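Here the structure comes first, spelled out in structure tokens, and everything after it is commentary.
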Amino acid sequence: MLGFREEFLLPESTIYLDGNSLGPRTKGAADRAQEVITDEWGTGLIGSWNTAGWWDLPAKLGEKIAGLVGGGAGSTVVTDTTSINLFKAASAALKMQAEDSPNRRIILTQRENFPSDIYMLEGLAEQLGDGYEVRLVDDEEVTAGFPTTISDEVALVVLTHVNYRTGRLFDMGTTTSAIHSGGAMVIWDLCHSAGALPIDLAGTGADMAIGCTYKFLNGGPGSPAFIWVAEALQNRFSQPLSGWWSHAQPFDMAPDYRPADGIRRYLTGTQGILSMSVAELGLDIHTRADMEQLREKSLALSDLFIDLVDELLADHPVEVVTPREHAHRGSQVSIRHPEGFAVMSALIERGIIGDYREPEVLRFGLTPLYIGFTEVWDTVEALRDILDNRLWDTPAHKVRGAVT
């Protein structure tokens, strides 16, 4: 992955291991934002919807993401937030299931899923009423192929591809097959895998997927999310947030809603062009990278990290919670320590930025585009010093809110 590090602006004397929460700034981000503000908006004004390609930007960026997630042409659009896209996808999936299998009312998702996904599903079930219910399953149930939880009541399964806390990677192909065998549909959340490892949504038979662009895809804080829908389902997708951008003829200004065919059906209202324009830079970097090489380096980095933790931190109550098997590991290493919050705070004070998640988990995102083996070695050596000398044991490091 030589050369890609120069594509990012990182502070000197900083080791940044939090790209699984927010990717660093791409080198051209400020210039691109200025171009949109000064030229396209400032000079082009409203005409830039056509002359600068603003109108087509959601689908244009969607094509770039489709190439990274194995989605196929015309399958993906960049729009809204991950949570909003999950609401749209889950609502559409449940309506399809209600038409085909009306007795299916159960939504399954991981107990370890990112909380916002769970909250969104709970809110949708409450709005639908009539027996709709969210049930939580443990990760072990997922990896075993749902031997006890897929019944003729289950309509939809929503899964995170990589567990945000532990870094566990779930096999998309076998898991999707198990869900379909039970008669349910599946939505994959790719927030912690898109841009970090090869994905084959179409090849594995997935139904729908959502994800963000501000983590491994380096789109910038709050950059728009994406939604993918399998070709066979695209025109069955019933848009619950039927805004004018998803209308078949949006400029007819008709009082009745008629959904567009294909990918525009998943849009809602006017898009955030400034953030979307900046996000394109991160996507362009990934389209030039070889995802197989990126995955190979990611696993080598995490292998080294785990080996060093085993060797250098053996005298401390540290547990590696990320799976050691390559097939089950995303692009991060998570370790548990009883004073994890304070330890991470002490590490950040040294300019080594990871993050902390309850309970007791220190997360280290390993992004091969700009992280090297030296940074991994320096990070674990710093952890050894902090733990050996109890440098975490100060009031300042224990004040909650100091670590994001």
Side-chain angles (χ1 to χ4, degrees), residues 1 17 19-20 67-71 108-114 117 137-150 157-182 186-207 209-211 215-217 228 286 289-310 319-336 357 361-369 371 373 376:
M1 309 309 294
L17 301 175
N20 53 332
L68 298 174
V69 299
L108 296 183
T109 192
Q110 295 133 309
R111 194 178 312 277
E112 282 276 311
N113 201 348
F114 192 74
D117 284 11
V137 297
D138 293 326
D139 283 359
E140 291 73 19
E141 177 77 5
V142 180
T143 56
F146 299 95
T148 64
T149 51
I150 295 287
V157 182
V158 177
L159 298 175
T160 184
H161 193 202
V162 173
N163 183 308
Y164 78 98
R165 181 184 285 111
T166 67
R168 174 181 290 276
L169 169 66
F170 297 92
D171 186 296
M172 183 176 289
T174 59
T175 306
T176 296
S177 295
I179 293 167
H180 286 169
S181 295
V186 61
I187 300 171
W188 286 96
D189 183 333
L190 307 181
C191 282
H192 290 84
S193 58
L197 50 90
I199 300 170
D200 186 11
L201 286 170
T204 56
D207 297 309
I210 56 171
K215 292 182 171 63
F216 289 106
L217 293 173
W228 172 88
H286 277 82
D290 184 306
M291 291 301 297
E292 296 293 341
Q293 291 181 8
L294 186 146
R295 175 62 171 164
E296 181 180 354
K297 183 181 176 185
S298 166
L299 291 171
L301 289 168
S302 53
D303 279 344
L304 176 62
F305 201 115
I306 291 170
D307 289 345
L308 290 173
V309 168
D310 289 342
E319 175 193 1
V320 176
V321 298
T322 300
R324 294 170 185 264
E325 304 90 345
H326 286 182
H328 301 301
R329 188 194 309 165
S331 195
Q332 71 184 58
V333 173
S334 297
I335 62 176
R336 181 176 284 121
R357 292 291 180 266
V361 174
L362 299 88
R363 297 194 315 168
F364 301 92
L366 301 173
T367 307
L369 292 174
I371 294 297
F373 297 96
V376 169

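The chain is numbered in sequence order, starting from 1. As the structure is a prediction and not an experimental result, all values here were calculated from the model.
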If you look at every heavy atom in [X] and [Y], which pair is closest and at what distance?
X: Val186; Y: Ala206; value: CG1-CA, 4.4 Å
X: Val137; Y: Thr149; value: CG1-CG2, 3.7 Å
X: Ser193; Y: His161; value: OG-ND1, 2.9 Å
X: Gly330; Y: Leu197; value: CA-CD2, 4.2 Å

Not counting sequence neighbours, list each pair that qualifies as a salt bridge (Lys or Arg N to Asp or Glu O under 4.0 Å) and has a residue in residues 320-332.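 For residues 320-332, and leaving out neighbouring residues, the salt bridge (Lys or Arg N to Asp or Glu O under 4.0 Å) pairs sorted by first residue read Asp303-Arg329, Asp310-Arg324.
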Does Lys297 use its side chain to pair, donor to acceptor, with the backbone of Ile371 at less than 3.5 Å?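 Pair found, side chain donor or acceptor close to backbone of Ile371.
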Return all side-chain donor-acceptor pairs below 3.5 angstrom for residues 168-176, not counting sequence neighbours, or 'none' if the list is empty.
residue	atom	partner	partner atom	Å
Asp171	OD1	Gly173	N	3.1
Asp171	OD1	Thr174	N	2.8
Asp171	OD1	Thr174	OG1	3.0
Thr175	OG1	Asp171	O	2.5
Thr176	OG1	Met172	O	2.7
Thr176	OG1	Trp188	NE1	3.0

Please report the interatomic distance [atom1]([X]) to [atom2]([Y]), rounded to the nearest 0.5 Å.
X: Leu362; Y: Arg357; atom1: CG; atom2: CZ; result: 11.0 Å
X: Leu294; Y: Leu299; atom1: CG; atom2: CG; result: 10.0 Å
X: Ile150; Y: His180; atom1: CD1; atom2: NE2; result: 10.0 Å
X: Asp207; Y: Leu201; atom1: CG; atom2: CG; result: 10.5 Å

Check step by step if side chain to side chain donor-acceptor pair (under 3.5 Å) holds for Gln332 and Thr322. CA-CA 8 Å; Gln332 71 184 58; Thr322 300; 5.2 Å; no
What residues, two or more places apart in sequence or in another chain, satisfy side-chain contact (heavy atoms from CB on, under 4.5 Å) together with Ser298?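 Result, side-chain contact (heavy atoms from CB on, under 4.5 Å) vs Ser298: Arg295, Ser331, Pro368.
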Residue list, side-chain contact (heavy atoms from CB on, under 4.5 Å) with Glu296, at least two apart or on another chain: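 Scan of Glu296 (side-chain contact (heavy atoms from CB on, under 4.5 Å), adjacent residues dropped) gives none.
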Sequence-distant partners of Asp189, side-chain hydrogen bond (donor to acceptor under 3.5 Å, both in side chains), two or more places apart: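 Here no residue qualifies.
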Can you find a side-chain donor-acceptor pair between Thr160 and Gln110 that sits under 3.5 Å?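 Their side chains do not contain a donor-acceptor pair, so the 3.5 Å distance test is not met.
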Does any non-hydrogen side-chain atom of Glu292 lie less than 4.5 Å from one of Pro198?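 Yes; the side chains approach each other to less than 4.5 Å.
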When the ring planes of His192 and Phe114 are compared, do they come out parallel, tilted or perpendicular, using 30° and 60° as the limits?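 Answer is tilted, since the angle falls between 30° and 60°.
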What residues, two or more places apart in sequence or in another chain, satisfy ring pair (Phe, Tyr, Trp, His ring centres under 6.0 Å) together with Phe216?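 Expected list: none.
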